[in-house]
Amino acid sequence: MADAGNGRLEVNGERLLARLDQFAAIGATPKGGVNRQALTVLDRQARQLLANLGRARGFSIYQDPIANLFVRREGLDPNLPPLLIGSHLDSQPSGGRFDGALGTLCAFEVLETLQDHGIETERTVEVVAFTNEEGCRFAPGCMGSMAFSQKSIPQAWQSAKATDGALFADELAQTLADLQGAAMRPLGFPISAYLEVHIEQGPSLEKEGLPIGIVTGIQGTRWLQVTISGQTAHAGTTALSYRKDPMRAAVSSLNVLYDDIMPKDPQSRLTVGRFSLEPGAINAIPASVTFSLDIRHPNSEQLELIEARIRKVLQDHAAENGCDLAVNQLFDMAPARFPDALVSVLKNAATTANFAYKSMVSGAFHDALFINRVAPSAMIFTPCRDGLSHNEAEYVKPVHCIAGAQMLLASSLILVGG
Ligand code: HGY
Ligand code: MN
Ligand code: MN
Ligand code: MN
């Protein structure tokens, strides 16, 4: 096995960094981030680029009915379920150039390194770019990995009832049609394991000066869509006692929730990411306000309690303001715990590759959460500057990008034999 003179196979760091630049150019924003949202023309361009790069290396290219993209490097024994490695290529609207792309391109770099050195693995290795991990343009997140794990595409995602359901169906069909040079295959297939490299999207690895995090699990996430409906009326003539003001109900309930949840439980997370009012006239009391709530906690019971508390507070403040309340749960991702045996493989790889590391639970959700429901999965984190992500200033040092790919290569080699 060719190596860099120190007895180990090395990824081609320069090539990886060049690939990251190539993909960052697709949907590049003026502040150095990317806006490459799921199923947009830009997302399709990134998928096509990965497919072309894979074909140029002689790998087979597949997609499935939810537009997950696969780049396959055959192993010696076709009867062995493949090792799946990858992440996602879609981004946040004001996203960073590493979230998702780093994991996908580290995975592709593993295939290229195996190819460069003519290494024949017993087991086939496939790179995957899962569709719509972010869930911003179309909720929920992790659509590709969720559909893969349950071998079906929930009807709700394509029905007009869901947020932009009809648009989703059209954009999915167009994305599938646009991809050149890929064969269609059914949703979900047996895999031996799934590994994902991802940026930590938090500050701890950088703070502790560690190049690698070994992820033992992912905290739970719930998304709610809240609509408080009151009565639109004249801003100047309507006295307080006559008002049914949904904005007042929203502000007072959120004030309670902001003070009551995160300050009292440092493991909890509560975020209002989206907020809109109807009709949106400066001089009319709103008829309704609609906002999102992103709730996170590593513990399922706590997540349940937090959601119940939120619903109660919203209900009380809506009622106090003579308003109606509707709460729609957009999704509920139960916490995931990765299998110890696979986590140990990553730890062995880190030790062999001489990377200092720590074990940690992910604050962000990832495709690995769903794939872990059908096959042993685990993740490798790299530090990111100031822990910043879902922000155009997201940054990972080149040395850490390369460390992520090297870890993925070392872990994959343990899992594929040959
Ligand atoms: O929201 C998340 O946790 C993921 O980064 N999309
Ligand atoms: Mn991500
Ligand atoms: Mn993300
Ligand atoms: Mn992910």
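All ligand and atom numbering here is 1-based and tracks the order in the structure. FYI, the numbering just counts along the sequence from 1. Here the structure is a predicted model, which is why all the values come from computation and not from measurement.
- Atom NE2 is the N/O/S atom of His198 found closest to the Mn ion (ligand 2).
- For ligand 1, the polar-atom distance check finds an N/O of His390 within less than 3.5 Å of one of the ligand's N/O atoms.
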Next item on the list: Take Tyr194 and Phe130 through the test ring-ring contact (aromatic ring centres under 6.0 Å, His included) and record every step on the way to the result.
Entry: CA-CA 12 Å; Tyr194 172 66; Phe130 283 113; 5.7 Å; yes
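- The Mn ion (ligand 3) has His390 among its coordinating residues (N/O/S atom, backbone or side chain, under 2.8 Å).
- In the candidate list His198, Arg296, Arg269, Arg296 is nearest to atom 3 (O) of ligand 1, counting heavy atoms.
- For Phe108 and Phe23, the distance between ring centers is not under 6.0 angstrom.
- In summary, no N, O or S atom of Glu133 is located under 2.8 Å from the Mn ion (ligand 3).
- Using a 4.0 Å cut-off to heavy atoms of Ala364, the atoms of ligand 1 that qualify are 3 (O), 5 (O).
- Ion pairing between a basic and an acidic side chain is recognised when a charged N comes within 4.0 Å of a carboxylate O; Arg137 and Asp43 show no such pairing.
- Sorting the N, O or S atoms of Asp99 by how far they are from the Mn ion (ligand 3) puts OD2 first.
- Taking 4.0 Å as the cut-off between side-chain N and carboxylate O, Glu112 and Arg73 do not count as a salt-bridged pair.
- Between Phe275 and Phe291, the ring planes are parallel. Angles under 30° get that label, and only those over 60° would be called perpendicular.
- Heavy atoms of other residues, nucleotides or ligands lying less than 6.0 angstrom from CZ of Arg274 number 12 at most.
- Using cut-offs of 30° and 60° for the angle between ring planes, the Trp157 and Phe168 rings count as perpendicular.
- At least one N or O atom of Glu133 sits closer than 3.5 Å to an N or O atom of ligand 1.
- Proximity of Gln219 to ligand 1, defined as any heavy-atom pair under 4.0 Å, is not found for any part of the residue.
- Put simply, Glu134 stays out of reach of the Mn ion (ligand 2), with no N, O or S atom under 2.8 Å from it.
- By the 6.0 Å and 45° rule, Arg185 stacks over the aromatic ring of Phe70.
- Near Gln201, meaning under 4.0 Å from any of its heavy atoms, are these atoms of ligand 1: 5 (O).
- The Mn ion (ligand 2) does not have His366 among its coordinating residues (no N/O/S atom, backbone or side chain, under 2.8 Å).
- Residue Asp294 places no N or O, backbone or side chain, under 3.5 Å from any N or O of ligand 1.
- At under 3.5 Å, a nitrogen or oxygen of Phe365, whether backbone or side chain, sits near a nitrogen or oxygen of ligand 1.
- Salt bridge present: Lys358 and Glu208 bring a charged side-chain N and a carboxylate O closer than 4.0 Å.
- Within 6.0 Å of atom CD in Gln155, more than 12 heavy atoms from other residues, nucleotides or ligands are found, so the atom counts as buried in its surroundings.
- Residue Asp99 has no N or O atom closer than 3.5 Å to an N or O atom of ligand 1.
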